[in-house]
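Working notes, beginning with the structure itself.
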Number of protein chains: 2
Amino acid sequence: MPYNRAIRGSNGQGPGRGRGCGASQTWRGKLKGCGYRITIPRKVILEELNRKGGHLSAEDIFMKVHKVYSNIGLTTVYRTLELLVQMGMVSKLDFGDGRARYELVKEGEEAHHHHLVCTKCKRVIDYVDFIDEEVEFLKRAEKGLSRKHNFVIKGHSIRFFGLCNKCANKK
Amino acid sequence: MPYNRAIRGSNGQGPGRGRGCGASQTWRGKLKGCGYRITIPRKVILEELNRKGGHLSAEDIFMKVHKVYSNIGLTTVYRTLELLVQMGMVSKLDFGDGRARYELVKEGEEAHHHHLVCTKCKRVIDYVDFIDEEVEFLKRAEKGLSRKHNFVIKGHSIRFFGLCNKCANKK
DNA sequence: GTAAATGCAAAGGTTTTGCACGTTA
DNA sequence: TAACGTGCAAAACCTTTGCATTTAC
């Protein structure tokens, strides 16, 4: 097996290569730190992800990257994304439209955000206006859940569904 | 077109038949109120959904229902579920394992709950232990989001991800 | 040079669609 | 008896896998 490939739905972390091996700040450093190679596909995919306006599907990324590196294959996009997800550099999102979306995990300000999904046009807006209550609520919830259900909480996801500006006005 | 079929990813509500036409308390009444017929597939699928231990995939439901009504087709299960989702009687859930899960929308006590998803074994636990803070937090969040992003909030979903009891102990 | 990474083609799995045949009201 | 609803088979769609080839180190 060329490198860690996750079974669909598994987190597929291989020994010594998953989350936690890439302490560097740069993506190059992170990849190298985990024993992965720096390649053109990885470079251009990360550059695309780094662009503003996230929530791209694998095919979105493939098409955009194809313009600058026409040799790219969709398979590589999937494999690269999966690798980055497992390294914790990318989040795999899902807005209920049957295809996964991906976004770069940012540090600091933008790190913590959730999404508003328009159920009609599928537009997704980042929701960053957090209030202290959320942090407090989540902290308590996690503590309670860990205790009651013996569950080790690793993360959470909050999505709001509704109608965006445009769709709400269209009757 | 026999009846409203949603395009993948659309909510596909037809005129006068979507959410809001089924004021009755019984599923029979709701279907009839929306102009839909009472059929054996719909009956047995709803009975299955009404059973405890939700989060069933279309195929889960198909297999369970098949035992009591062997004539059922998987297509009908999908179409029925889609219909019920659009009528607001069923929630379509997604825990990131590539297949949708469905659960009956309950009224009252059980109405409001979220999920704990084990990222390893995919087990899902209902999380019903709500604290006042959550309600407060969500209320404010929704208000803020509506104003700032001009978004009509219809619902939300909170998921916690982590490791369940068993998986956490398996190192 | 050697193992890792890629690209293509093919397969896999879930969900949707077309259409002729049943069923409900 | 007219629509509505169903079942089957086939298609569509996203994602994964096998394998020969290329590439990074």
Side-chain angles (χ1 to χ4, degrees), chain A residues 1-10 12 14 17 28 31-46 56-63 65-66 69-86 92-102, chain B residues 1-10 12 14 17 28-29 31-46 56-63 65-66 69-86 92-102 122:
Chain A
M1 188 152 46
Y3 59 92
N4 299 324
R5 281 181 189 163
I7 292 113
R8 186 175 196 147
S10 128
R17 275 199 156 191
R28 283 169 186 277
L31 284 174
K32 286 212 165 184
C34 295
Y36 297 115
R37 294 179 177 177
I38 310 302
T39 64
I40 299 171
R42 287 173 181 170
K43 175 179 172 291
V44 290
I45 289 168
L46 276 159
L56 291 88
S57 68
E59 187 151 17
D60 290 340
I61 294 167
F62 170 74
M63 288 191 301
V65 161
H66 189 268
Y69 181 64
S70 63
N71 225 33
I72 194 93
L74 182 55
T75 303
T76 300
V77 175
Y78 275 107
R79 286 200 281 231
T80 302
L81 289 169
E82 186 198 298
L83 177 70
L84 297 174
V85 167
Q86 282 167 40
K92 187 175 182 178
L93 310 172
D94 146 52
F95 301 133
D97 66 343
R99 72 186 65 190
R101 310 297 176 120
Y102 300 85
Chain B
M1 187 154 41
Y3 59 93
N4 299 323
R5 282 183 190 161
I7 292 113
R8 187 175 195 146
S10 128
R17 277 200 154 190
R28 284 170 186 276
L31 284 174
K32 287 209 164 184
C34 295
Y36 296 114
R37 295 178 175 177
I38 309 301
T39 65
I40 298 171
R42 287 173 182 172
K43 175 179 171 291
V44 290
I45 289 169
L46 276 159
L56 290 88
S57 68
E59 187 151 18
D60 290 340
I61 294 167
F62 170 74
M63 289 191 300
V65 161
H66 188 268
Y69 181 64
S70 62
N71 224 32
I72 194 92
L74 182 55
T75 303
T76 299
V77 175
Y78 275 107
R79 287 200 280 233
T80 301
L81 289 170
E82 187 198 296
L83 177 69
L84 297 174
V85 167
Q86 283 167 39
K92 187 175 182 178
L93 309 171
D94 145 54
F95 301 133
D97 66 344
R99 73 186 65 187
R101 309 300 175 118
Y102 300 85
K122 306 296 157 192

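Just so it is clear: chains get the letters A, B, ... in the order the sequence lines come, proteins before strands, and each one is counted from 1. Everything numeric in this text was worked out from a predicted model, so none of it was measured. What's counted below: heavy atoms across the whole structure, side chains too, no hydrogens, waters or symmetry copies.
B:Leu93 has its CG atom 12 Å from the P atom of C:dT15, to the nearest Å. Rounded to whole Å, the distance from CG on B:Asp97 to P on D:dT15 is 13 Å. As a whole-Å value, the separation of A:Glu59 CD from D:dT16 P is 14 Å. Atom NZ of A:Lys92 and atom C1' of D:dT16 are 11 Å apart (whole Å). In this structure, B:Leu31 places its CG atom 10 Å from P of C:dA25, rounding to the nearest Å. With rounding to whole Å, A:Glu82 atom CD is found 13 Å from C:dA5 atom C1'. Taking atom CG on B:Leu74 and atom C1' on C:dT16, their separation rounds to 11 Å, with Å as the unit.
Axis angle, first five pairs versus last five pairs of the helix from C:dG1-D:dC25 to C:dA25-D:dT1: 30°, rounded to 10°.
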Please list each protein N or O that sits under 3.5 Å from an N or O in nucleotides 21-25 of chain D, with the distance.
| unit_1 | atom_1 | unit_2 | atom_2 | d |
| --- | --- | --- | --- | --- |
| D:dA24 | O3' | A:Ile38 | O | 3.4 |
| D:dA24 | N3 | A:Arg37 | NH1 | 3.0 |
| D:dC25 | OP1 | A:Ile38 | N | 3.0 |

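Not one side-chain nitrogen or oxygen of A:Tyr78 sits closer than 4.0 Å to the OP1 or OP2 atom of D:dT16. Proximity of B:Arg79 to the phosphate of D:dG5: no side-chain N or O atom is located under 4.0 Å from OP1 or OP2. Distances shorter than 4.0 Å separate none of the side-chain N or O atoms of A:Arg99 from OP1 or OP2 on D:dC13.
Side-chain atoms of B:Thr75 and base atoms of D:dC8 include a donor and an acceptor less than 3.5 Å apart.
Considering A:Ile61, A:Ile40, A:Ile45 in turn, A:Ile45 is the only one that fulfils the side-chain contact (heavy atoms from CB on, under 4.5 Å) rule with A:Ile72.
Using a 4.0 Å heavy-atom distance criterion, B:Phe62 is classed as making no nucleic acid contact.
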